[in-house]
Number of protein chains: 2
Amino acid sequence: MNDVNQTNDVRILEYQANKLQELIGELHNCCKERYATEAKAFKVPQAELRCLMLFEGHKYLTGIQISGLLDVAKSRATVIIENLVKKGLVQRSQDPNDARVKLISLTPVGQRKVREIEEFMFTLHQQLLDHIDPIQRTGVISALETLRSSMESVKAQLA
Amino acid sequence: MNDVNQTNDVRILEYQANKLQELIGELHNCCKERYATEAKAFKVPQAELRCLMLFEGHKYLTGIQISGLLDVAKSRATVIIENLVKKGLVQRSQDPNDARVKLISLTPVGQRKVREIEEFMFTLHQQLLDHIDPIQRTGVISALETLRSSMESVKAQLA
DNA sequence: TTGACATCGTTCATGATGTGAACTATATTA
DNA sequence: TAATATAGTTCACATCATGAACGATGTCAA
């Protein structure tokens with residue numbers, strides 16, 4: 001009986017691991033698609049869009065900060081910023097305290113764009129919520145939190 | 001009192017939508033990172049790795065099938081396949097029934113690689129499961145299923 | 001104070017990921 | 001058999017990203 005239960009447990013674990021893999025993969029794909037659609041809709045490449053969204057709660061960001069927040073090389077940040085400047089969405093200015101650093105900030109046009117995108121994203125996630133039974137909502141959110149911390153543990157373990 | 005409750009409800013909805021956005025974003029980033037690590041570990045670019053994994057349960061795939069499954073243009077599939085052929089992981093052969101189509105299949109080396117990757121991914125997701133309290137596991141999985149179907153509904157609604 | 005070292009941003013070479021149009025060679029079908 | 005559709009390739013182009021080298025500053029210790 002104990003043996004049977006153990007075999008059963010292993011099977012369940014296997015099933016759950018595979019299910020997890022499948023579900024996470026699908027969620028990831030869904031997001032990828034969503035980001036691509038979003039970028040197209042707002043006529044800004046994904047990397048530039050991500051950069052714009054960093055200015056929520058920041059008036060100025062430096063190149064290094066942007067490359068850190070976007071998790072890309074600073075050479076990449078330079079290019080992204082350059083493209084946003086060309087589009088008139090952000091502007092560069094000198095840091096009065098340090099001649100090496102350039103302060104990047106949103107132009108009025110950039111601010112408007114950020115607000116539009118924020119609104120779009122918020123609406124989208126509200127719609128997502130709308131499609132979830134109200135009773136399940138907190139459960140889904142706490143499950144995601146559980147999953148997140150579990151993913152972080154695994155990541156920390158690997159590193 | 002009713003007014004107070006309604007305001008409260010709106011606040012909760014807002015909070016939940018933002019939380020959902022944050023959590024989904026983090027999960028997505030985590031996956032992105034994981035795929036990148038995986039590709040580096042197995043010394044195969046991500047796109048090629050994804051292509052290899054398509055052969056689970058398929059002896060042969062055509063270029064069109066691959067481009068469909070990977071959700072990329074067929075020109076992209078051609079290049080991915082070409083690179084995998086160069087690396088000796090897959091091989092091309094003629095379809096005896098249709099001279100236009102080429103049947104792609106794993107070489108023995110490719111099969112070994114796929115098994116290795118499968119094993120790695122399975123282990124990873126088991127570790128993920130290990131970090132989740134057994135009592136919560138089914139809850140997390142069903143929450144992900146709920147989320148997935150909700151995402152699909154939203155996607156369908158937009159299109 | 002000055003010399004060694006660190007930091008910020010830029011440029012460049014390189015590679016991965018991906019699309020769409022044009023093209024060749026085969027099917028299919030009216 | 002002529003028009004049309006399909007499979008795969010090639011090419012031009014765009015996006016995303018890294019790492020090395022470099023110039024201009026800033027910092028700090030001898």
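In the text below, chain A, chain B and the rest are named by the order of the sequence lines, each starting its count at 1.
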Without decimals, in angstroms, what is the distance between [X] [atom1] and [N] [atom2]?
{"X": "A/Lys87", "N": "D/dA14", "atom1": "NZ", "atom2": "C1'", "value": "11 Å"}
{"X": "A/Arg76", "N": "C/dC8", "atom1": "CZ", "atom2": "P", "value": "20 Å"}
{"X": "B/Lys102", "N": "D/dT10", "atom1": "NZ", "atom2": "C1'", "value": "12 Å"}
{"X": "A/Gln94", "N": "D/dT25", "atom1": "CD", "atom2": "C1'", "value": "10 Å"}
{"X": "A/Lys86", "N": "C/dT10", "atom1": "NZ", "atom2": "C1'", "value": "13 Å"}
{"X": "B/Asp71", "N": "C/dT17", "atom1": "CG", "atom2": "P", "value": "15 Å"}
{"X": "A/Lys32", "N": "D/dC16", "atom1": "NZ", "atom2": "P", "value": "13 Å"}
{"X": "A/Leu70", "N": "C/dG9", "atom1": "CG", "atom2": "P", "value": "13 Å"}

task = Pick base, sugar-phosphate or nothing for A/Gln46, based on heavy-atom distances below 4.0 Å to the nucleic acid.
result = sugar-phosphate
message = Base, sugar-phosphate or nothing for B/Lys74? Non-hydrogen atoms, less than 4.0 Å.
response = base
query = Of the non-hydrogen atoms in A/Ile141 and B/Lys19, which two are nearest, and what is the gap between them?
reply = CG2-CG, 3.8 Å
query = Run the side-chain contact (heavy atoms from CB on, under 4.5 Å) check on B/Ile80 and B/Arg76 step by step: do they pass?
reply = CA-CA 6 Å; B/Ile80 291 170; B/Arg76 176 74 185 126; 3.8 Å; yes
ask   = Closest to the A/Thr78 side chain: C/dG9, D/dT10, D/dA17?
value = C/dG9
query = Given C/dG9, C/dA16, D/dG8, which nucleotide is nearest the side-chain atoms of B/Pro45?
reply = C/dA16
message = Taking only side-chain N and O atoms of A/Arg92, does any of them lie within less than 4.0 angstrom of OP1 or OP2 on C/dC8?
response = no
note = Of A/Val72 and B/Val101, the one whose closest nucleotide on DNA chain D sits nearer the 5' end is B/Val101
query = Which word best sums up how the rings of A/His28 and B/His28 line up, parallel for under 30°, tilted for 30 to 60°, or perpendicular for over 60°?
reply = parallel
key: Donor + acceptor pair across side chains of A/Gln157, B/His131 (<3.5 Å)   = yes
ask   = Considering only heavy atoms and no angle criterion, is a donor-acceptor pair shorter than 3.5 Å present between the side chain of A/Ser75 and the base of D/dG19?
value = yes
ask   = Is the count of non-hydrogen atoms from other residues, nucleotides or ligands lying under 6.0 Å from A/Phe122 atom CZ greater than 12?
value = yes
request  = Indicate yes or no for a side-chain donor-acceptor contact from B/Arg137 to the backbone of A/Gln16 under 3.5 Å, with no hydrogens or angles considered.
outcome  = no
request  = Five pairs at each end of the helix from C/dT1-D/dA30 to C/dA30-D/dT1: take the axis at both ends and give me the angle between them to 10°.
outcome  = 10°
Toward the 5' end of DNA chain C, by each residue's nearest nucleotide, A/Lys40 or B/Glu48 = B/Glu48
Name the pairs: protein N/O against N/O of nucleotides 24-26 of chain C, kept only if under 3.5 Å.
none

